[in-house]
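Inspection log for the structure reproduced underneath, given as structure tokens.
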Amino acid sequence: MYPVKSATVPCTVTARLFSLPTTTAINTFSFLQISIGPGLLSGALLLTSCAELTPREEPAAAILKKKAAPHETPAWAENRIMPDWWKQYNDPALNRDIACAFENSPDLQIIAARLEQADAKVKIAKTAAWPAFNLGYGFRFGRTKEVDFGPYNLAPWTGNANLKWELDIFHKLKRARESAEFNRRAVFWDHAAARLVLASRIAESRFRIYRLKKEIDVLEESTSANSDILVILRQREKAGLIAETEVHRMVAEDEKLKRTKEELNRLQLLAEVELETLKGGQNRECDISGSLPGLPPIPCRSFDSLVCYHPSLLAAESRLRAAYRIEESARLNLLPSFTLQGNLSGASPHFFLDQFKRWHREIGPVLDIPVFDPARRADLATKRGETNEAAAEFRAALIDVIGEIDSAYVNLASRDKQIKSVRREVEALRKARHFVTANFQSGIVSQVEVLESERSYLQTSRIKAALEEAVLQDHIMLIRALGGGLSECEALPVITAEPVIKPTPIESLLTVKHPGKKLLHR
């Protein structure tokens, strides 16, 4: 297929055609005062914009620089979008990362393109209920005979106009339009769910960077303490107080700490690369000056509000409602349909130089009764199976979400107890480390006790940093499972009346009970 270089070519040809003279007037139809040829072409060009023929001029390099479209929330979803939950961590770097990701993430751009497609499909479904009007113009060879069997030459130039309008008496087309609208809602909630997942992954990556930085700081502290001990050991070895073996043992311990530090640096760089990727490859300089925030209030949500606010569940629900309505449209397609049809055609022996001499016109309703149509019945069976599939997917998504919520509550309850214990352990080891180091400098304890004390303190400090990050990760997991979290003291926004067209069997699927927050207090 060759691309159209310019949309002005057909417009120029049309302008030249309009300059041809018209001569004879038609007596049969007084409303046709100009030649039917220019009239048909001008009407066609009025209905088909020349701008649609212009190719899109966008080089491949511009695709890499394309920004995500602004996220617009429709009126029916305004009260169901959760607030910016990540701001409760009070981390300016995290806020900047998420804002950058929302603007540049290719994943969000993909779903935004799907939104455009869904909008177009809604328009297609709406136009199915509109009348269709077509114009045609052509050339023909042939003859016609009357009853006296005398031959007559056919006029070579023909023109016609057709009108077809299906009357949606049984709301078949309306159900198809509602299905397209619910599919569009499903894609919108997919976009909201993708934003939720993207924000949670960015928060997880940033907190991982903070945890690794904290472990590196603890490791540097132990490395500095080991270096001081190594200086003391070398002095004692020169004085002949200890064997050279103890010095080599401490050197090996120091090298082990350096190797561990290098591994932590590698993991931190990988976390920064992951963060850059999530942000769409933007802002390659990562701010690592922050620290792990404190744990915000634990969010909670009732089962009813979970179903009403979780974007993934709302997407599955919208797809179920869309499948149910397209099934209804297929069922109504088995009923008779009424169509209003009209046709107007004429012929002329000359090209644009004479009006049409002979006309044929017809208009009237057409009743289509599907007495036996296996294809329509098979289509209904297919749509019914798709509805059952959508119902099963909705129930599976609901059970998965509830499982994620309960798992997050279990993890939070356990991490809370572990963090309290490890903090007491680190404090005790810090005091023991201080006394052991002082006694070693006084020559009271051996090098083995010093090494054991340093190893215990370092290991427990790293465990403490890992648990502090883990509890934040569990908190993020709970927020993601809840569809966006709110603290206990905050109330959910009130949902205004959503235009639900007709109740569907979806209510019968909401039979799974949600244990809720009670797992946190086991």
Side-chain angles (χ1 to χ4, degrees), residues 64-71 73 81-112 189-216 264-299 309-312 315 401 404-405 408 411-412 415 465-487:
L64 300 177
K65 302 178 182 179
K66 188 175 181 180
K67 301 292 184 180
H71 183 68
T73 303
I81 297 296
M82 291 293 100
D84 299 340
W85 53 268
W86 55 88
K87 293 183 178 180
Q88 62 185 329
Y89 296 112
N90 297 321
D91 189 344
L94 176 62
N95 298 338
R96 291 193 298 269
D97 290 341
I98 294 179
C100 178
F102 284 173
E103 183 179 1
N104 301 283
S105 173
D107 295 333
L108 294 183
Q109 294 176 10
I110 291 173
I111 302 181
W189 291 121
D190 285 340
H191 191 277
R195 287 166 59 94
L196 173 63
V197 172
L198 180 61
S200 63
R201 291 184 61 189
I202 289 176
E204 290 173 352
S205 297
R206 175 146 296 275
F207 293 159
R208 188 182 306 115
I209 292 174
Y210 291 161
R211 187 259 298 175
L212 293 171
K213 175 177 174 291
K214 188 173 183 179
E215 288 190 32
I216 292 174
L264 292 177
N265 286 329
R266 182 185 71 86
L267 295 176
Q268 183 178 4
L269 290 176
L270 289 177
E272 293 177 8
V273 171
E274 180 184 4
L275 186 59
E276 291 175 9
T277 304
L278 292 173
K279 293 190 295 183
Q282 303 295 322
N283 295 342
R284 304 189 66 86
E285 296 183 1
C286 182
D287 183 9
I288 60 174
S289 59
S291 58
L292 289 173
L295 185 66
I298 305 298
Y309 290 92
H310 199 292
S312 297
V401 165
E404 292 176 1
I405 293 174
N411 289 335
L412 282 171
R415 306 277 195 215
L467 284 174
E468 289 177 348
E469 183 214 357
V471 72
L472 289 172
Q473 302 282 11
D474 295 333
H475 190 268
I476 295 172
M477 175 184 173
L478 178 59
I479 290 176
R480 183 169 60 239
L482 292 174
L486 293 172
S487 62

(request) Might you point out which heavy atoms bring W189 and P311 nearest each other, and give the distance in Å? (result) CB-O, 3.4 Å
(request) Report the distance from atom CG of L472 to atom CG of L412, rounding to the nearest 0.5 Å. (result) 9.5 Å
(request) State, with a plain yes or no, whether a side-chain heavy atom of K279 is found less than 4.5 Å away from one of N104. (result) no
(message) Test salt bridge (charged side-chain N to carboxylate O under 4.0 Å, His left out) on R206 and E469; report intermediate values, then the result.
(response) CA-CA 10 Å; R206 175 146 296 275; E469 183 214 357; over 6 Å; no
(message) Run the side chain to side chain contact (heavy atoms under 4.5 Å, CB included) test on R480 and H310 for me, step by step, so that the C-alpha distance in whole Å, both residues' side-chain angles and the decisive distance to 0.1 Å come before the verdict.
(response) CA-CA 9 Å; R480 183 169 60 239; H310 199 292; over 6 Å; no
(request) Taking the side chain as every heavy atom from C-beta outward, state whether R195 and L108 have any atom pair closer than 4.5 Å. (result) yes
(request) First locate atom OG of S205, then atom CG of L278, and finally report the distance between them rounded to the nearest 0.5 Å. (result) 5.0 Å
(request) Grab the two heavy atoms, one from A481 and one from I405, that are nearest each other, plus how far apart they are. (result) CB-CG1, 3.5 Å
(message) If you define the side chain from C-beta out and look only at heavy atoms, does anything of D107 sit under 4.5 Å from L198?
(response) no
(request) Could you tell me whether the side chain of Q473 reaches within less than 4.5 Å of the side chain of M477, counting heavy atoms only? (result) no
(request) Measure the spacing between CD1 of I476 and CD of E204 and express it to the nearest 0.5 Å. (result) 5.0 Å
(request) Quick one: pull up NZ in K87 and CD1 in I98 and give me the separation to the nearest 0.5 Å. (result) 9.5 Å
(message) I need the minimum non-hydrogen distance between L292 and A465, along with the two atoms involved.
(response) CD1-O, 4.0 Å
(request) Kindly say whether the aromatic ring centers of W86 and F102 come within a distance under 6.0 Å. (result) yes
(message) So K213 and I216, do their side chains get closer than 4.5 Å, heavy atoms only?
(response) no
(message) With rounding to the nearest 0.5 angstrom, report the CG to CG distance, L94 to L275.
(response) 9.0 Å
(request) List the atom of A194, the atom of I111, and the distance in Å for their closest heavy-atom pair. (result) CB-CD1, 3.4 Å
(message) In the structure I gave you, are the side-chain heavy atoms of Y210 and S291 within less than 4.5 Å of one another anywhere?
(response) no
(message) For E468, run the salt bridge (Lys or Arg N to Asp or Glu O under 4.0 Å) check against R208, K214, R211 and tell me which one passes.
(response) K214
(message) Rounded to the nearest 0.5 Å, what separates atom CD in Q88 from atom CG in L295?
(response) 9.0 Å
(message) In the structure I gave you, are the side-chain heavy atoms of W85 and P296 within less than 4.5 Å of one another anywhere?
(response) no
(message) Is there a side-chain contact between R96 and P92 in this structure, where contact means two heavy atoms from C-beta onward sitting under 4.5 Å apart?
(response) yes
(request) Search all heavy atoms of A408 against all heavy atoms of D474 and return the closest pair with its distance. (result) CB-O, 4.1 Å
(message) I'd like to know if the side chain of N95 pairs up with that of Y89 as donor and acceptor (distance under 3.5 Å, no hydrogens or angles considered).
(response) no
(message) For a quick test of reading the model, state the closest non-hydrogen atom pair linking G280 to P106 and the distance between them.
(response) CA-CD, 4.1 Å
